[in-house]
Amino acid sequence: MKQGLKVRVVIPVYNEETGIPALFERLRGVTASNTDVSFEFILVDDHSSDATPELMKRACADAPEYTYLRLSSNCGSHVAILAGLEHARGDCAAFLAADLQDPPELIPRLIESWREGNHVIWAVRAEREGIHWIERVFAETYYWLLRRVGMVKMPPRGSDFALLDRKVIDALLASVGANPSLGGDIARLGFRETHIPYVKKARMHGKSKWTIERKLRAFADAFVSFSYVPLRFMSYLGMACSVLGFLYAAFIIIMRLAAAQPIAGWASIMMAVLVLGGVQMTMLGVLGEYLWRTLEAARRRPRYFIEDSLHLDQDCPPQRTEQQAGNVGVGAPAPTRREDREAVN
Ligand code: UDP
Ligand code: MG
C-alpha cells in the first residue's frame with residue numbers, strides 16, 4: 001500500500017452554521033481511521049452571512065491540516081470547489097458538500113479505486129433520500145437531457161461528489177471557463193473514470209441552497225457550455241417558419257386569384273405575427289445566452305477573490321495557463337511568469 005499518500009478534500013460551505021460541528025467531527029473520524037493517508041481539508045466559505053466563518057475559523061485554528069478560505073462574494077458551489085482545487089496540492093483531491101448528505105466516510109473507497117488506476121472516481125447517487133418525487137423527476141430529466149442532447153457523459157443521476165487524480169485537476173484548471181458547470185467540465189476531459197454508488201442522505205441541518213432560479217441558471221450554463229444543439233435548433237426552427245410563411249403566402253395569392261375575393265384575415269395575421277414574434281424572441285434569447293457567455297470569457301475576470309484565509313499555502317499558486325489566467329482567483333500570489341503577467345494585465 002502506498003504510504004504517505006497526500007489526499008486533499010475540498011468542501012464548499014455556504015450558510016451551514018448548524019451543521020459545522022457535525023462536519024468537523026465526521027472529518028476527524030475519517031482522518032483517524034485512515035492513518036496511511038495524509039488528509040488535508042480545504043474549506044471554502046462561499047461568503048456565508050451566518051456564523052459559519054467564525055465557527056470554521058475556530059475549528060481550523062489549531063489544526064494546520066484544515067485550510068480556511070473565504071471568497072469575497074457568493075459565487076456558487078462550483079466556483080468555490082474550483083477555488084479549493086486551485087489551492088490543493090497532493091496526489092489527488094476529492095470534493096463533497098458540507099451538509100453531510102454525501103458521507104465523507106466514502107472517501108477511502110474512492111481512494112481505493114484511484115489506487116486501482118482510475119483517474120475520475122464519481123460517487124454516484126444510487127438513491128436520494130428525502131426529496132419529493134417531482135424534484136426527482138426534474139433532476140433525472142435534467143441529467144438525461146445533458147447526456148442525450150448536451151452530449152455530456154456525466155453519471156446518469158449526476159454527481160457532486162468525486163475524487164480526481166492530479167492530472168485531471170491540472171487539466172480541469174487549465175480548461176475550465178468563466179461559467180463552470182463542474183460535472184460536465186470534468187466529464188468532457190475524458191480520463192479513465194468509474195462510478196461508486198452511495199445513498200445521498202436527506203439534509204439533517206439547514207436547507208438546500210439550490211433554489212429553482214439557481215437550478216435554471218445551472219441548466220442554462222451546462223447546456224450552453226457543452227452543446228450547440230440550441231443554436232442548431234434555432235436555425236431549423238427559423239427555416240421551418242420561413243417555409244410555412246411562404247406556403248401560406250402562396251395559398252393566399254392562389255385563393256385571391258382563383259376565388260377573386262379578398263381573404264378575411266386579421267385573425268390569421270395576428271396568429272402569424274404572434275407565432276413568429278415568439279419564435280424570434282426565443283431565438284434572440286438563446287443567442288444572447290451564448291453571446292453573454294462569450295463576453296464573460298472575453299473579459300477574463302477572475303472567477304473569485306479571496307477575502308480571508310487561514311493556513312493558506314502561499315507557495316501553492318493557482319494552476320494556470322496563459323489562456324485562462326484572467327479567470328483564476330487573485331487571493332494567490334501574483335504570477336511570476338512573464339506570459340502570465342501579460343495575460344493578467
Ligand atoms: N454551497 C455553496 N455555495 C452556494 C450554495 C451552496 O458553497 O452558493 C454549498 C453548500 O453549503 C453545500 C454544497 O454547496 O455544502 C451543496 O449545496 P446544497 O446542499 O444546498 O445542494 P443540494 O444538496 O440541495 O443539491
Ligand atoms: Mg445538499
I'd like to check F95 versus L163 (side-chain heavy atoms, cut-off strictly below 4.5 Å). Are they in contact? no
Short question: side chain of R8, backbone of C92 - any donor-acceptor pair under 3.5 Å? no
With the 4.5 Å side-chain cut-off for hydrophobic clustering, are Y14 and L310 part of the same group? no
Where A32 and T35 come nearest, the two heavy atoms and their spacing: O-CG2, 3.6 Å
If I take atom CG from residue L216 and atom CD from residue E213, how far apart are they, to the nearest 0.5 angstrom? 8.0 Å
Check whether F39 and L5 end up in the same hydrophobic cluster, where Ile, Leu, Val, Met, Phe, Trp and Tyr are linked by side-chain heavy atoms less than 4.5 Å apart. yes
Start with the C-alpha distance between D308 and Y68, add both sets of side-chain angles, then the distance that settles side chain to side chain contact (heavy atoms under 4.5 Å, CB included), and finish with yes or no. CA-CA 8 Å; D308 192 11; Y68 168 78; 4.2 Å; yes
Determine whether I121 and E193 make a side-chain contact, defined as any pair of heavy atoms from C-beta on separated by less than 4.5 Å. no
Contact summary for D185 and P180, nearest pair of heavy atoms: OD2-CA, 3.5 Å
Over all heavy atoms of both residues, which pair between A97 and P12 is shortest? Give the atoms and the distance, please. CA-CD, 4.4 Å
Could you grab the distance from atom CG of L110 to atom OG1 of T194, nearest 0.5 Å is fine? 10.0 Å
Residues, nucleotides or ligands: over 12 heavy atoms within 6.0 Å of E25 CD: no
According to a hydrophobic-cluster definition based on side-chain heavy atoms being under 4.5 Å apart (Ile, Leu, Val, Met, Phe, Trp, Tyr only), do W122 and F191 belong together? yes
Under 4.5 Å between side-chain heavy atoms, hopping through other hydrophobics if needed: is there a path connecting L287 to M283? yes
Approximate separation, where rounding is to 0.5 Å, of C60 SG and L55 CG: 10.5 Å
Donor-acceptor check, side chain of R70 to backbone of S48, threshold 3.5 angstrom: yes or no? yes
Closest contact, heavy atoms only, V44 versus A83: CG1-CB, 4.4 Å
Separation between CG (D160) and CG (L182), nearest 0.5 Å, reads 9.0 Å
Hey, is R28 close enough to E65 for a salt bridge, meaning N to O under 4.0 Å? no
Donor-acceptor pair, side chain of D102 and main chain of K200, under 3.5 angstrom: no
Nearest heavy-atom pair of S49 and N15: which atoms, and what distance? N-OD1, 2.6 Å
Would you call I107 and E112 a side-chain contact if the rule is heavy atoms closer than 4.5 Å? no
Quiz question: by atom type and distance under 3.5 Å, do the side chains of T52 and D45 form a donor-acceptor pair? no
Can you tell if the side chain of L172 reaches within under 4.5 Å of the side chain of L189, non-hydrogen atoms only? yes
Decide yes or no on side chain to side chain contact (heavy atoms under 4.5 Å, CB included) for V13 and I20, but give the supporting numbers first. CA-CA 9 Å; V13 193; I20 296 290; 4.0 Å; yes
Between N118 and R192, is there a donor-acceptor pair closer than 3.5 Å when you use the side chain of the first and the backbone of the second? no
Show your working on side chain to side chain contact (heavy atoms under 4.5 Å, CB included) between D99 and L23 and close with a plain yes or no. CA-CA 7 Å; D99 55 10; L23 172 68; over 6 Å; no
Check for me, please, whether V37 and L106 land in the same ILVMFWY cluster - side-chain distances under 4.5 Å, paths through other members count. yes
Given R115, which of D165, D36, D91 fulfils the salt bridge (charged side-chain N to carboxylate O under 4.0 Å, His left out) condition? D36
Between H119 and L164, is any pair of side-chain heavy atoms under 4.5 Å apart? no
Of the non-hydrogen atoms in E16 and A98, which two are nearest, and what is the gap between them? CG-CB, 4.4 Å
Distance-only donor-acceptor check, side chains Y198 and Q101, under 3.5 Å: no
Answer yes if the ring centres of F41 and F24 are under 6.0 angstrom apart, and no otherwise. no
Hey, is OH on Y142 packed in by over 12 heavy atoms from elsewhere, all under 6.0 Å? yes
Does any non-hydrogen side-chain atom of I81 lie less than 4.5 Å from one of I11? no
Step by step, would you call L247 with F251 a side chain to side chain contact (heavy atoms under 4.5 Å, CB included)? CA-CA 6 Å; L247 287 178; F251 167 75; over 6 Å; no
Quick one: does any side-chain atom of H195 pair with a main-chain N or O of V124 as donor and acceptor, under 3.5 Å? no
With a 4.5 Å limit on heavy-atom distance, are the side chains of R188 and S175 in contact? yes
What's the spacing between Y304 OH and S73 OG if we round to 0.5 Å? 12.0 Å
Salt bridge check, E40 against K6: does any charged N sit closer than 4.0 Å to a carboxylate O? no
Only counting residues at least two apart or in another chain, list the ones meeting side chain to side chain donor-acceptor pair (under 3.5 Å) with N74. D46, R214
Measure from the side-chain N and O atoms of S113 to the backbone N and O of R109, and report whether any donor-acceptor pair falls under 3.5 Å. no
About how many Å separate CG of L85 and CZ of R89, when rounded to the nearest 0.5 Å? 15.0 Å
Evaluate the side-chain proximity of H87 to T67: yes if any heavy-atom separation is below 4.5 Å, no if none is. no
